[in-house]
Amino acid sequence: LEAELAEWLKAPAARLFNAGYAANVGVMTTLARRGDVVFSDALNHASVIDGCRLSRAEVTVYPHLDVDALERGLAACAARRKLVVTESLFSMDGDTADVVAIAEVCRRHGAALIVDEAHAVGAVGPQGRGLCAEAGVTPDVLIGTCGKALGSFGAFVATTTAIAELLWNRARSFVFSTALPAGVVAATRAAIEIVRGRDGDALRAKLVENARAVRAVVRSCGGAPDGAIAPIVVGDDARVMAMSARLLEQGVFVQGIRPPTVPEGTSRLRVSVSAVHEVGQVRRAAAAIAEVVAR
Ligand SMILES: Cc1ncc(COP(=O)(O)O)c(C=O)c1O
């Protein structure tokens with residue numbers, strides 16, 4: 001699977017982890033240490049945050065998607081080793097980082113770039129290789145998960161041979177955890193075959209179609225216009241959960257998301273569109289969501 005991942009993602013090497021959480025903790029703790037400075041987007045996933053904390057590096061959190069702020073921080077930083085870590089397609093907001101601009105800023109300031117593509121791999125880009133591939137950017141480290149678009153379990157790091165070997169030897173979440181079972185690995189291999197081929201292209205086209213169809217009806221959906229993550233920020237925790245329950249009564253499952261997953265006061269319905277939803281299902285779901293939002 002590691003060899004297939006590397007070949008699919010056009011990376012020199014890939015390392016398989018048991019979950020995205022383990023991959024992010026393993027990458028951050030292996031590549032960053034005391035004396036280094038990590039620049040981390042304010043809305044990065046908890047596993048990135050925990051990895052940063054465990055690394056003992058100094059962490060500078062920059063405002064969400066703010067490349068200018070990131071550049072100012074990097075320019076003012078005298079540390080020998082600087083690392084920038086961001087998601088590409090953000091999990092709870094569905095918006096995207098400008099990976100081209102971030103890669104350029106990293107190049108100018110000698111920083112390593114780590115991109116978590118958990119929500120983009122499979123769903124976005126040529127052969128489903130993610131947002132960096134779509135943008136023509138090769139980060140130093142790309143993290144993807146097998147439990148989202150691939151419908152399996154586990155995660156991977158696509159990177160240089162040297163970093164892949166370093167992770168094999170040093171990433172504690174890799175070394176001290178039993179490997180994934182063969183059946184799970186086989187499921188991921190089968191999923192990659194679908195995702196990278198013609199069926200994958202058709203599924204991604206359908207995903208975009210469904211995402212647009214929902215947004216055409218539910219105008220308050222956020223996120224990238226074509227993206228599968230279409231959150232509706234409501235604010236109040238109890239109201240969001242009541243809306244989610246009301247939708248479920250109608251057979252429409254829209255997860256309510258509260259702190260600590262999202263910042264206080266930004267509780268939301270996280271509408272998550274699938275490529276296998278039929279037109280009728282999408283219409284019915286969108287109408288139900290619009291009705292609950294308008295109440
Ligand atoms: C951006 C991001 N990275 C990493 C993870 C963790 O992946 P896993 O569920 O495989 O541990 C998630 C969510 O689960 C995520 O949304």
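For ligands, and for the atoms within them, numbers begin at 1 and follow the listed sequence. Numbering starts at 1 and runs along the sequence shown.
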Q | Polar contact flag for Tyr21 and ligand 1 (N/O pairs, less than 3.5 Å) | A | yes

Q. In terms of atom number and element, which parts of ligand 1 are under 4.0 angstrom from non-hydrogen atoms of Ser47?
A. 4 (C)

Q: Run the contact test for Ala155 against ligand 1 with a 4.0 Å cut-off on heavy atoms, strictly below, and give the result.
A: no

**Q.** Distance filter under 4.0 Å to Ala19 heavy atoms, resulting ligand 1 atoms
**A.** 10 (O), 11 (O)

Q: Run the numbers for me: atoms of ligand 1, each under 4.0 Å from some heavy atom of Ser91, listed by number.
A: 16 (O)

Q) Which ligand 1 atoms are under 4.0 Å away from a heavy-atom of Glu87? A) 1 (C)

Q. Would Phe17 and Phe174 satisfy ring pair (Phe, Tyr, Trp, His ring centres under 6.0 Å), going step by step from the backbone distance to the final call?
A. CA-CA 6 Å; Phe17 281 77; Phe174 175 87; 5.6 Å; yes

Q.
In this structure, would Phe253 and Val292 fall into the same cluster of hydrophobic residues linked by side-chain contacts under 4.5 Å?
A. no

(Q) Do Val115 and Val37 land in one hydrophobic cluster if side-chain heavy atoms of ILVMFWY residues count as linked below 4.5 Å? (A) yes

(Q) Can you confirm, on distance only, whether ligand 1 has an N/O atom lying under 3.5 Å from any N/O atom belonging to His119? (A) yes

(Q) Below a 4.0 angstrom heavy-atom separation, can you tell me which part of Ile143, side chain or backbone, both or neither, approaches ligand 1? (A) neither

Q | Within-shell test, Lys148 vs ligand 1, heavy atom, strictly < 4.0 Å | A | yes

**Q.** Numbered atoms and elements of ligand 1 in range of Asn24, under 4.0 angstrom, heavy atoms
**A.** 3 (N), 4 (C)

Q. Could Arg198 and Asp201 be called an ion pair, given the rule that one side-chain N must be under 4.0 Å from one carboxylate O?
A. no

Q. Identify the closest protein heavy atom to atom 8 (P) of ligand 1: which residue and atom is it, and at what distance?
A. Gly20 N, 3.3 Å

Q) Can you list the steps and then say if Asp93 with His64 is a side chain to side chain donor-acceptor pair (under 3.5 Å)? A) CA-CA 11 Å; Asp93 292 74; His64 182 49; 5.3 Å; no

Q.
With clusters defined by side-chain heavy atoms of hydrophobic residues (ILVMFWY) lying less than 4.5 Å apart, directly or transitively, does Tyr21 cluster with Phe90?
A. no

Q) Any link between Val124 and Leu203 through a network of hydrophobic side chains (Ile, Leu, Val, Met, Phe, Trp, Tyr) touching at under 4.5 Å? A) no

Q: Enumerate the atoms of ligand 1 whose separation from the nearest heavy atom of Thr145 is less than 4.0 angstrom.
A: 7 (O), 10 (O)

Q) Among all protein non-hydrogen atoms, which one is nearest to atom 15 (C) of ligand 1, and what is the separation to 0.1 Å? A) His45 CD2, 3.3 Å

Q) atom 3 (N) of ligand 1: which protein heavy atom is closest, and how many Å away? A) Asp116 OD2, 2.6 Å

(Q) Quick one, His109 with Glu71, criterion side chain to side chain donor-acceptor pair (under 3.5 Å). Give me CA distance, side-chain angles, the key distance, then yes/no. (A) CA-CA 8 Å; His109 297 279; Glu71 173 141 46; 2.7 Å; yes

Q) Can a salt bridge be assigned to the pair Arg196 and Glu7 using a cut-off of 4.0 Å between side-chain N and carboxylate O? A) yes

Q | Numbered atoms of ligand 1 (with element) below 4.0 Å of Ala118, judged on heavy atoms | A | 1 (C), 2 (C), 3 (N)

Q | Joint hydrophobic cluster, Trp8 plus Leu180, side-chain heavy atoms closer than 4.5 Å | A | yes

